[in-house]
Amino acid sequence: MTDPAALFDSVRDEAGRVLVGNEDILEGMTISLLTRGHVLLEGVPGVAKTTIANLFARTLGLEYRRVQMTPDLLPADITGTRIYRSQTGEFDLQKGPVFSNIVVADEINRATPKTQSALLEAMQEQQVTIEGETHKLPSPFMLIATQNPIEMEGTFGLPEAQRDRFSLKLRVDIPDRQLETRLLDAFDAEPELSAEQVQRVVTREEILEARAVVQDVFVKDSVRDYILDIVEATRTTSDLAYGASPRAAITLLQTAKARAAIEGRDYVIPDDVKQLATQVLAHRFVLSTDAELSDVSPESIIRTILDTVTPPEGNYQNVAVSAVGDGGDTLDDGVPTNDGDENN
C-alpha cells in the first residue's frame with residue numbers, strides 16, 4: 001500500500017468503525033505523518049481529541065504513548081533519565097514516553113515552558129539529549145499535542161518558536177446535530193465502543209514508502225510562486241507583527257504535495273494550497289497591537305490574503321514528463337511539439 005490515497009482510505013475506514021465524523025482531522029494527521037510533521041489539536045473538552053489520536057495510531061500499528069501535561073511535570077518525565085541500580089552499581093537509561101512513534105501531549109499548555117521546550121529537539125531533530133548523550137527516536141515519529149482554548153487559568157501559552165514547529169493546527173469542533181445523533185446511536189447500540197476495537201491496517205514499511213511517493217509529487221513553478229506570494233503577503237500586512245517563516249513556506253509546499261497524493265494526483269494544484277493555508281499558517285502568526293485591539297483573527301487574515309492573491313491558471317501537470325511518456329518531443333520549456341493532446 002504505497003499509494004497515499006489508499007493508505008488514507010484504509011485509515012479512515014477502519015477508524016470510522018468507532019469515530020463519527022472528523023474525517024478532515026484524520027486527513028490532516030495523515031498529511032502530517034507523510035511529511036514528517038507534527039499536529040496541534042485544539043478543541044473544547046469532550047470532542048474526542050485524544051481518542052482521535054489513539055485511533056490514528058492504532059490503525060497504523062504504531063507504538064502510542066500519552067502524556068498528561070501538568071505544571072509539575074519535569075522535562076525528564078518526557079525524555080527520560082538515568083537511574084542508579086544498586087544491584088549493578090551502574091546507571092541505566094530509563095527512556096521516557098517520547099521514545100514512541102506517536103506521542104500525545106495532552107493539554108500541552110498546562111505544562112511549564114521548561115517542560116514544553118523539552119519537546120523542541122524531538123520535534124525538529126527526531127532525537128533527544130539525556131545527560132549529554134544523544135538518542136535517536138523511532139521512525140516514524142510524530143507529536144500530537146492537544147490544548148483547550150477556553151481555559152486560561154493555570155496554563156502557559158506555547159511560545160512562537162514551538163508553535164512554528166507544528167506543521168498543522170487542526171480545530172476539532174462540536175459536531176452538528178446530525179453527527180451527534182449518529183454518535184448517540186452508536187454508543188446506545190454499543191456502550192463499550194472504544195479505540196481498542198480498531199485493527200492495524202497499515203505497516204511501518206508502507207508508511208515510509210508512501211512518504212517517498214509524496215516526495216515525488218510534481219509542483220509547477222507557478223504553483224510554487226503562488227505559495228511564495230501567500231507567505232510574502234503575511235509578512236507585509238499591517239495586521240501581523242510577524243508573518244509566516246521560511247519553515248512555514250516549506251511546510252505549505254510539502255503538505256500540499258501530500259494532499260495531492262491523498263487526492264490521487266501526482267501534481268499539486270492551487271486548491272491544495274488554499275485548503276491547507278489556514279491549518280499551516282494561522283497558528284504561527286503574531287498579531288499586531290491594532291489587530292489584537294480590533295479582535296482580528298489569524299484565520300480572517302488568511303482568508304483576506306487568499307482572496308487577494310491571484311492563483312495561477314493553466315495546466316499544473318508535469319507536461320514534459322507526460323509528453324515524453326507519449327513519445328513526443330519537447331521544447332526546452334517543456335511544451336510538447338507533437339500534434340497530440342498537450343494536456344497529457
Side-chain angles (χ1 to χ4, degrees), residues 1-9 11-12 23-39 140 142 166-170 206-235 243-284 302-303 305-326 330 333-336 341-344:
M1 191 188 301
T2 59
D3 179 14
L7 184 148
F8 171 64
D9 288 344
V11 170
R12 179 194 58 200
E23 291 185 1
D24 57 331
I25 305 299
L26 286 176
E27 182 183 66
M29 287 182 168
T30 304
I31 288 173
S32 183
L33 178 71
L34 295 179
T35 55
R36 300 170 178 82
H38 310 282
V39 170
M142 179 177 174
F166 285 101
S167 301
L168 302 171
K169 179 183 177 181
L170 305 176
E206 288 169 342
I207 294 171
L208 299 180
E209 290 171 359
R211 282 181 170 181
V213 173
V214 168
Q215 190 62 36
D216 290 336
V217 170
F218 175 72
V219 183
K220 194 172 183 180
D221 287 345
S222 59
V223 177
R224 196 184 305 265
D225 289 338
Y226 181 54
I227 293 174
L228 293 173
D229 289 341
I230 292 173
V231 170
E232 185 176 358
T234 69
R235 300 168 183 166
S245 66
R247 181 189 285 125
I250 294 171
T251 301
L252 189 53
L253 172 68
Q254 293 175 337
T255 54
K257 293 170 68 172
R259 184 182 187 273
I262 287 177
E263 293 291 325
R265 286 179 276 105
D266 62 356
Y267 58 94
V268 175
I269 61 176
D271 192 55
D272 295 321
V273 180
K274 286 184 178 180
Q275 291 296 321
L276 290 164
T278 300
Q279 297 173 345
V280 171
L281 300 178
H283 63 285
R284 306 170 192 262
I302 289 291
R303 288 194 295 268
I305 290 175
L306 293 178
D307 290 340
T308 303
V309 178
T310 303
E313 298 180 353
N315 182 8
Y316 308 112
Q317 295 176 269
N318 191 349
V319 179
V321 172
S322 298
V324 171
D326 291 340
T330 62
D333 59 0
V335 178
D341 185 0
E342 296 186 359
N343 290 325
N344 288 337

I'd like to check Met142 versus Met29 (side-chain heavy atoms, cut-off strictly below 4.5 Å). Are they in contact? yes
Minimum-distance pair of heavy atoms, taken over all atoms of Phe166 and Arg284: O-NH2, 3.1 Å
Counting N and O atoms only, with roles assigned by atom type, does the side chain of Arg235 sit under 3.5 Å from a partner on the main chain of Ala244, one being a donor and the other an acceptor? yes
If you take all heavy atoms of Ala233 and Ile305, which pair is closest and at what distance? CB-CG2, 3.7 Å
So CG of Leu228 and CG of Asp221: to nearest 0.5 Å the spacing works out to 10.5 Å
Sub-4.5 Å side-chain heavy-atom contact between Leu306 and Ile230: yes
If every non-hydrogen atom of Ala261 is compared with every non-hydrogen atom of Asp3, which pair is closest and at what distance? O-OD1, 4.4 Å
Any side-chain heavy-atom pair of Leu208 and Arg211 under 4.5 Å: yes
Is any side-chain heavy atom of Pro312 closer than 4.5 Å to one of Asp225? no
Thr30 (side chain) donor-acceptor with Phe8 (main chain) under 3.5 angstrom: no
Measuring from Ile31:CD1 to Asp24:CG, what's the distance to the nearest 0.5 Å? 10.0 Å
Got a second to check how far Leu253's CG is from Asp272's CG, nearest 0.5 Å? 11.0 Å
Distance from Glu27 atom CD to Gln275 atom CD, nearest 0.5 Å? 8.5 Å
Step-by-step side-chain contact (heavy atoms from CB on, under 4.5 Å) determination, Tyr316 to Val268: CA-CA 7 Å; Tyr316 308 112; Val268 175; over 6 Å; no
Given side chains that start at C-beta, do those of Leu252 and Val273 come closer than 4.5 Å, heavy atoms only? yes
Evaluation steps, salt bridge (Lys or Arg N to Asp or Glu O under 4.0 Å), between Arg12 and Asp9: CA-CA 5 Å; Arg12 179 194 58 200; Asp9 288 344; 3.1 Å; yes
A quick test of your reading: do over 12 heavy atoms of other residues, nucleotides or ligands sit less than 6.0 Å from CD of Glu263? yes
Expected output: side-chain Arg259 to main-chain Gly28 donor-acceptor under 3.5 Å: no
Which heavy atom of Pro4 sits nearest to which heavy atom of Ala210, and what is that distance? CG-O, 3.9 Å
From Lys220 NZ over to Asn318 CG, what is the distance, rounded to the nearest 0.5 angstrom? 9.5 Å
Gap between atom CD of Gln279 and atom OG1 of Thr255 - 0.5 Å precision: 8.5 Å
Ser167 backbone acceptor or donor facing Arg247 side chain under 3.5 Å: no
